[in-house]
Visitor: 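Okay, here's the structure, questions in a sec.
Note that the structure is predicted; figures quoted are calculated from it, not measured. Read the numbers this way: they start at 1 and go in the same order the structure lists the ligands and their atoms.
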Amino acid sequence: MKRASILLSALLAVLGSMAFAQVQVGVILPTKDEPRWIQDQTRFEAAFKTAGIPTQILFSQGNTATEKANVESLISAGAKVIVICPQDGAGAAAAADEARAAGVKVISYDRLIMGTASVDYYVTFDSFAVGAAWGQFLVSKATGKANNLYLYAGAASDNNAFIFFNGAWSVLQPKIADGTFVIKNSDKAVAVMKKATLTRDEEAAIIGQVTTNWSFGDAKNKAEANLTSAKKADKGTVFIEAPNDGTARAIADAFRTDKDVKKYYITGQDAEVASVQYVIDGKQSMTVLKDVRTLVADAIAAAVAYAKGGAPAQTTTYDNGKIKVPAKPSAIVTVTKENAKAAIVDSGYYPSSYFSGL
Ligand code: BGC
């Protein structure tokens, strides 16, 4: 009996490793032009190498046609699983449909592919918690009433921009409604300030007004335009919801060079090296560490589960407008000057040599 069970587990191990070796995984990332996605590329390369899984990583360079061509080339190369971080959530639906039609499993990575049933799984961080962390940080720094608040958002083509905004709104809205904060750069947000829950259309109207399009240049231009039209009283000490690190640095630089801005608090996310340095230097107030090693491990675990005929772990679902996509969102960590060393260096995320003054 004992011998049989040893034999059985040995057999399962062999079968498991065969399935493992056969996994052919393709990864498609949205752009090389943002450090965030280079983080993912680097972590994927390292993890696939360790796991001995054949793979190919391609970039869409902000172009849906390139993304679709990438999917097609991975299908012809024999990929069994394609991990896609869509450069435009709705735009990626056709490519996902094509992969599904070819019998390939589609894993939506970090950003949700919208409006199609051809998504098998969603590997993501808890993006609502990211936005809530921004809100909590800004609220924790505010005293008294009528604090100047500037809102900025990600690209409207990215469903995450809505989830981040939602998370932030859940914390900020009561503090806007009670007069702790006054929104200075979005009359669309002011118009709905009494509403705890917004419709997608209301959110879209606000995001449309304060979007950075995830572009550092757009973020800088928008911040400069806001500062130009703001009165002196709208400056002084300001609170800024910036949607990620690249845009936060651009917006922070614009606010810092305005002589009427005496002090600013600004959020971010991604723990980009340049932003961790900004946090250490006091030029960015916080970032959110989304440990990409976890996301990569989850994507690989999902691919391996499919290769073995199973399904990846699921704790919740995300509605993409067509289906509820199974997911297991990962936790995030707020990083400030106080915990930067523990969160970023002691955790093994980056070596201390990347930073000065830590
Ligand atoms: C990601 C962020 C990233 C942003 C811009 C979002 O979907 O979750 O980490 O900074 O896109 O690329």
Visitor: I'd like the name of whichever of Thr31, Leu112, Asp110 reaches closest to atom 1 (C) of ligand 1 through any heavy atom.
Guide: Asp110
Visitor: Check each atom of ligand 1 against the heavy atoms of Arg36 and keep those under 4.0 Å away; list them by number with element.
Guide: 1 (C), 2 (C), 8 (O), 9 (O)
Visitor: Can we say Lys235 and Asp258 salt-bridge, meaning some charged N sits less than 4.0 Å from an Asp/Glu carboxylate O?
Guide: yes
Visitor: Check the pair Asp298 / Lys328 against side-chain contact (heavy atoms from CB on, under 4.5 Å), numbers first and verdict last.
Guide: CA-CA 9 Å; Asp298 287 350; Lys328 181 177 74 71; 3.5 Å; yes
Visitor: Between Tyr109 and ligand 1, find which residue part has any heavy-atom pair under 4.0 Å and reply side chain, backbone, both or neither.
Guide: neither
Visitor: Can a side-chain donor-acceptor contact be found between Gln277 and Asp281 if the only test is distance below 3.5 angstrom?
Guide: yes
Visitor: Please list, in number order, the atoms of ligand 1 under 4.0 Å from a heavy atom of Lys290.
Guide: 1 (C), 2 (C), 8 (O), 9 (O)
Visitor: Number the atoms of ligand 1 from 1 as they appear, then name those within less than 4.0 Å of a heavy atom of Asn244, with their elements.
Guide: 3 (C), 4 (C), 5 (C), 10 (O)
Visitor: Distance to 0.1 Å, residue and atom name: give those for the protein heavy atom nearest to atom 3 (C) of ligand 1.
Guide: Asp270 OD2, 3.6 Å
Visitor: Less than 6.0 angstrom separating the ring centers of Tyr122 and Tyr109, yes or no?
Guide: no
Visitor: Using a 4.0 Å cut-off to any heavy atom of Asn160, which atoms of ligand 1 qualify?
Guide: 6 (C), 7 (O), 8 (O)
Visitor: Which of the numbered atoms in ligand 1 are under 4.0 angstrom from any heavy atom belonging to Asp158?
Guide: 6 (C), 7 (O), 11 (O)
Visitor: Do the side chain of Thr247 and the main chain of Asn244 share a donor and acceptor less than 3.5 angstrom apart?
Guide: yes
Visitor: At under 4.0 Å between heavy atoms, which part of Phe125 makes contact with ligand 1: side chain, backbone, both or neither?
Guide: neither
Visitor: Are side-chain N/O atoms of Asp97 and Thr116 paired as donor and acceptor at under 3.5 Å?
Guide: yes
Visitor: Do Tyr318 and Lys324 come close enough that some side-chain heavy atom pair is under 4.5 Å?
Guide: no
Visitor: Is the ring centre of Phe239 less than 6.0 Å from the ring centre of Phe181?
Guide: yes
Visitor: Any idea which protein heavy atom is nearest atom 11 (O) of ligand 1, and the distance to it?
Guide: Arg111 NH2, 3.0 Å
Visitor: I'd like to check which ligand 1 atoms, numbered from 1 as shown, lie under 4.0 Å from a non-hydrogen atom of Phe164.
Guide: 8 (O)
Visitor: With heavy-atom distances below 4.0 Å as the criterion, list the atoms of ligand 1 near Glu34.
Guide: 5 (C), 12 (O)
